[in-house]
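Worksheet: the structure to be examined is printed underneath.
Because the structure is a prediction, the values reported are computed rather than measured. Here is the naming used below: chain letters follow the sequence lines, and residue numbers restart at 1 for every chain.
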Amino acid sequence: MSSVPTVLMRHLCSQAVVLRTFDFGESDKIVSLFTEEFGRLRLIAKGAKRSRKRFGSGLEPFTHIEAFFADREYRGLARLERCHIIAAFPQIADDVRRVVCGTYMLELVDTLTPERERHPEVFLLLLFFVSLLIHEAFREEMLRFFELRLFAMLGYQPQLMRCVICRAAFQVQHHYKFSVKRGGIVCPACQDRVAELLPLSNGTIRLFQQAMRMDIPKLPRLVFSPAEHEEGRLMLTKFLEYHIGRLPRSLMVMEQLA
Amino acid sequence: MLDPIQRLIASLATLPGIGEKSATRLALYLINCPREKALELSHAIADAREKIRLCARCFNYAEQELCQICANPSRDGSVVCVVETPGDLLSIERTGWFRGTYHVLHGCIMPFDGIGPEQLHIAELCERIKKNPVAEVIIATNPTTHGNATAAYIADQLKESGIRVTRIAQGIAPGSDIGYADQITLKNALEGRRDMNR
Ligand SMILES: [Zn+2]
Ligand SMILES: [Zn+2]
């Protein structure tokens with residue numbers, strides 16, 4: 001006698017950062033986690049809407065947890081069974097700007113990473129920047145480094161080392177512009193051949209080149225001038241909008257706080 | 001075009017917490033029960049939808065320009081309790097303990113969903129308090145990241161007014177066990193402690 005094999009139930013565990021939750025039905029929540037081992041996962045947390053007994057405050061956004069879950073392969077959502085808080089950052093909520101900046105990072109990870117694609121380097125980047133949010137030294141301009149490194153890790157790295165048209169290496173004496181569509185800088189000789197160019201000064205290009213090479217924990221040391229930050233922000237926002245086809249919602253809330 | 005029964009099932013199934021099965025059960029009940037009973041339900045829905053609007057002062061549900069709480073002269077207008085939803089207001093009302101008035105935000109700041117201060121009734125709260133200064137604003141948004149961030153934002157907006165702004169206590173639930181409380185709950189409980197012999 002042959003029988004259809006029952007679906008394998010795997011009990012798994014991974015460190016994760018909570019990206020977001022939303023209510024599901026009368027008593028459950030859907031949780032989006034970025035896990036170290038399995039990348040972005042959506043799980044159902046049974047009973048989490050009605051009672052906080054099982055998960056406590058472990059499902060609040062930004063929380064660094066160890067998540068224990070049951071995964072029936074190829075069948076619906078994984079089920080979050082319990083979680084253990086490794087680090088919580090409730091102080092973030094004392095400052096609405098930090099919540100909005102932080103949510104913007106969570107939204108980028110939630111939007112740009114494919115489900116179940118392992119990216120441990122993204123996990124470490126996110127964890128580092130989330131813990132940076134509670135530091136006195138946190139500045140909004142640090143989001144640019146997060147964007148830049150995240151894009152690179154996921155294969156959207158803007159080309160800042162050479163002209164995207166003629167491939168000639170970056171030279172300080174030239175004045176470059178940035179093409180969102182071509183995904184990189186365009187040298188003066190090639191600028192006639194490309195439409196919709198954004199200004200990008202050499203100071204900003206070099207700062208971004210440095211930010212690409214640096215160890216992540218050293219990134220907060222890099223400093224922008226206000227003008228560099230403004231053009232860098234504009235360039236990265238347009239670049240992001242081009243790739244995801246819309247602006248992140250948390251960015252619109254950020255504008256309200258300006 | 002759906003037949004009338006299918007149409008009823010489809011409408012019921014759009015209600016929160018009602019699936020296809022429950023919708024079918026409810027639809028069959030409504031068709032089989034006395035006619036007046038089913039019509040009373042349909043009139044009650046239509047009536048509520050026609051007559052209920054938001055209170056011009058506090059944004060609670062209201063039948064008149066002002067809700068029953070704002071219109072009640074025995075309520076203490078010098079204390080305003082800020083809540084996220086009319087449901088939260090009802091929960092506080094059910095305690096029978098609070099005699100002040102309310103302000104309903106209709107949500108909290110949720111950047112992921114594009115909800116910022118402009119999508120909530122926060123500017124109206126500031127305006128209301130500027131026109132009629134009060135003694136205290138109690139912020140009773142949920143003790144979540146987003147509820148706390150909303151509370152911090154409102155407190156910041158009211159800073160210059162010099163009005164006393166308080167936050168409801170957060171901590172260990174009655175009947176629960178300290179050994180099972182997580183670190184955030186314990187931190188909040190310690191911060192929100194009160195004197196016992198004073
Ligand atoms: Zn070129
Ligand atoms: Zn009212």
Can you see which heavy atom on B:A152 is nearest to which on A:A93, and at what distance? CB-O, 3.7 Å
Taking only residues two or more places apart in sequence, or in another chain, which ones meet A:E121 in a side chain to side chain donor-acceptor pair (under 3.5 Å)? A:H119
So for A:P90, is it side chain, backbone, both, or neither that comes closer than 4.5 Å to the heavy atoms of chain B? side chain
Stepwise, does the side-chain contact (heavy atoms from CB on, under 4.5 Å) test hold for A:V99 with B:I109? CA-CA 9 Å; A:V99 170; B:I109 295 174; 5.9 Å; no
Using only the distance criterion (under 3.5 Å, no hydrogens considered), which donor-acceptor pairs connect chain A with chain B?
residue : atom : partner : partner atom : Å
A:R20   : NH2  : B:D113  : OD1          : 3.0
A:S57   : N    : B:D182  : OD2          : 3.0
A:S57   : OG   : B:D182  : OD1          : 2.9
A:S57   : OG   : B:D182  : OD2          : 3.0
A:E60   : OE1  : B:T145  : N            : 2.7
A:E60   : OE1  : B:T145  : OG1          : 2.6
A:R249  : NE   : B:F112  : O            : 2.9
A:S250  : N    : B:P111  : O            : 3.2
A:Q256  : OE1  : B:E118  : N            : 2.9
A:Q256  : NE2  : B:Q119  : OE1          : 2.7

Who are the side-chain contact (heavy atoms from CB on, under 4.5 Å) partners of B:A10, not counting sequence neighbours? B:L2
Do any of residues 127-135 of chain A come closer than 4.5 Å to chain B, heavy atom to heavy atom, and if so which ones, in number order? none
Atom CD of A:E196: over 12 foreign heavy atoms under 6.0 Å: no
Quick one: what part of A:L257 sits under 4.5 Å from any heavy atom of chain B, side chain, backbone, both or neither? side chain
Which answer fits A:F22, side chain, backbone, both or neither, if we ask what part of it has an atom under 4.5 Å from a heavy atom of chain B? neither
Heavy-atom proximity to chain A below 4.5 Å, by part of B:I115: backbone
